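Inspection log for the structure reproduced underneath, given as structure tokens.
Keep in mind that this is a model prediction, so the values were computed, not measured. Atom set for the values below is all heavy atoms of this structure, side chains included, hydrogens, waters and symmetry mates excluded.
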Amino acid sequence: MALRRDLAEWKRIQRQGGLSRRFSKVVSYYGLTTPPYKLDALEPYMSKRTVELHWGKHHQDYVDGLNKQLATSPLYGYTPEDLIKEAYNNGNPLPEYNNAAQVWNHHFFWESMQPDGGGLPEGGVLQQIEKDFGSFTNFREEFIRSSLQLLGSGWVWLVCCTDSSY
């Protein structure tokens with residue numbers, strides 16, 4: 001597994017005094033991105049105050065926590081997606097996993113909404129929902145039921161998977 005190899009290599013490098021300039025690579029920490037709309041643009045469904053708190057406080061806390069963890073981690077420099085995959089560690093999550101997943105979830109959350117959004121999906125998306133759930137109403141009820149059964153805010157995503165092995 002790449003993670004074990006990377007961890008072993010990281011420990012070896014640390015024992016030898018760290019990376020030399022010759023072998024160091026340029027990487028960066030994660031930052032908080034601004035939602036693609038004004039903070040009051042989702043009213044009346046989500047207030048400006050809620051966005052400010054959820055984005056400016058909660059999301060920022062996950063970014064800060066992840067950056068603090070990565071400062072001493074062999075996972076420093078991974079893309080968000082690769083970081084989540086590696087930190088998941090085959091079902092035995094590493095400490096970085098929660099913060100990395102929450103940073104990704106929140107970013108996806110903000111990008112998934114838009115002012116005057118919502119309503120029924122159209123075209124192929126609606127056809128697939130009706131095929132898989134029987135109707136959009138059935139899907140909506142199942143989606144709500146699934147999210148209410150989860151701890152906290154209940155992150156639930158609708159994902160289209162073309163791999164039939166799932």
Side-chain angles (χ1 to χ4, degrees), residues 1-39 41-42 46-115 117 125 128 132 142-166:
M1 171 186 207
L3 180 58
R4 284 197 185 105
R5 186 181 65 245
D6 290 346
L7 288 171
E9 180 66 8
W10 177 260
K11 288 176 184 175
R12 184 189 66 73
I13 290 168
Q14 291 302 314
R15 282 193 307 270
Q16 295 176 350
L19 291 172
S20 72
R21 289 178 189 241
R22 188 168 59 111
F23 293 109
S24 63
K25 60 182 178 179
V26 176
V27 291
S28 64
Y29 286 108
Y30 293 92
L32 184 67
T33 57
T34 304
Y37 36 77
K38 292 182 179 183
L39 299 184
L42 301 176
M46 186 178 291
S47 71
K48 179 180 179 182
R49 178 70 186 121
T50 299
V51 173
E52 288 172 338
L53 179 66
H54 198 83
W55 168 75
K57 167 105 177 75
H58 298 302
H59 190 175
Q60 182 68 60
D61 287 347
Y62 288 121
V63 170
D64 293 345
L66 178 60
N67 286 334
K68 184 176 180 180
Q69 288 173 316
L70 291 177
T72 58
S73 171
L75 298 175
Y76 179 72
Y78 279 64
T79 65
E81 292 80 7
D82 288 340
L83 175 59
I84 291 167
K85 289 176 193 173
E86 289 293 329
Y88 183 66
N89 197 28
N90 293 319
N92 186 21
L94 300 173
E96 297 87 351
Y97 176 75
N98 183 60
N99 283 326
Q102 288 293 354
V103 168
W104 190 95
N105 280 341
H106 280 79
H107 179 75
F108 185 77
F109 177 70
W110 302 122
E111 293 291 324
S112 296
M113 295 184 293
Q114 62 182 354
V125 173
Q128 191 65 48
D132 292 343
E142 175 64 21
F143 195 83
I144 291 169
R145 187 189 63 73
S146 295
S147 65
L148 291 175
Q149 292 179 347
L150 298 174
L151 176 66
S153 59
W155 293 105
V156 176
W157 308 116
L158 173 63
V159 177
C160 178
C161 182
T162 58
D163 182 347
S164 62
S165 65
Y166 286 99

Response to the item:
Hits for salt bridge (charged side-chain N to carboxylate O under 4.0 Å, His left out) against D132, two or more places apart or cross-chain, chain-then-number order -> none
Discussion item. Run the salt bridge (charged side-chain N to carboxylate O under 4.0 Å, His left out) test against E142 and tell me which residues pass, sequence neighbours left out.
Written reply: R145
Worksheet item: side-chain contact (heavy atoms from CB on, under 4.5 Å) between L42 and T50: does it pass, once the steps are laid out?
Response: CA-CA 10 Å; L42 301 176; T50 299; over 6 Å; no
[X] [atom1] to [Y] [atom2] distance, which is reported to the nearest 0.5 Å:
X: L53; Y: H58; atom1: CG; atom2: NE2; result: 4.0 Å
X: Q60; Y: L32; atom1: CD; atom2: CG; result: 4.5 Å
X: E86; Y: N90; atom1: CD; atom2: CG; result: 9.0 Å
X: H107; Y: Y30; atom1: NE2; atom2: OH; result: 12.0 Å
X: M113; Y: Y37; atom1: CE; atom2: OH; result: 4.0 Å

Fill in: E96 side-chain N/O to L75 backbone N/O, donor-acceptor pair under 3.5 Å
no
Worksheet item: Would you find more than 12 non-hydrogen atoms of other residues, nucleotides or ligands less than 6.0 Å from F109 atom CZ?
Response: yes
Worksheet, complete the sentence: Those residues at least two apart in sequence (or on a different chain) that pass ring-ring contact (aromatic ring centres under 6.0 Å, His included) with H106 are H54, H59, Y62, W155
Practice prompt. Tell me, please, which residues at least two apart from T79 pass side chain to side chain donor-acceptor pair (under 3.5 Å).
Written response: D82
Item to complete: Considering non-hydrogen atoms only, spot the tightest contact between S112 and F108 and give its length.
Response: OG-O, 2.6 Å
Discussion item. Give me the atom names and distance for the closest heavy-atom approach of T33 to W55.
Written reply: O-NE1, 2.8 Å
Worksheet item: Any ion pair linking D64 and K68 (charged N to carboxylate O, less than 4.0 Å)?
Response: no
Worksheet item: Listed by chain and number, what are the side-chain contact (heavy atoms from CB on, under 4.5 Å) partners of I84, not counting sequence neighbours?
Response: Y97, A100, W104
Item to complete: Can you sort out the partners of F143 under side-chain contact (heavy atoms from CB on, under 4.5 Å), two or more places apart, ordered by chain and number?
Response: F139, V156, L158
Worksheet item: Taking it one step at a time, do L70 and L83 satisfy side-chain contact (heavy atoms from CB on, under 4.5 Å)?
Response: CA-CA 10 Å; L70 291 177; L83 175 59; 4.2 Å; yes
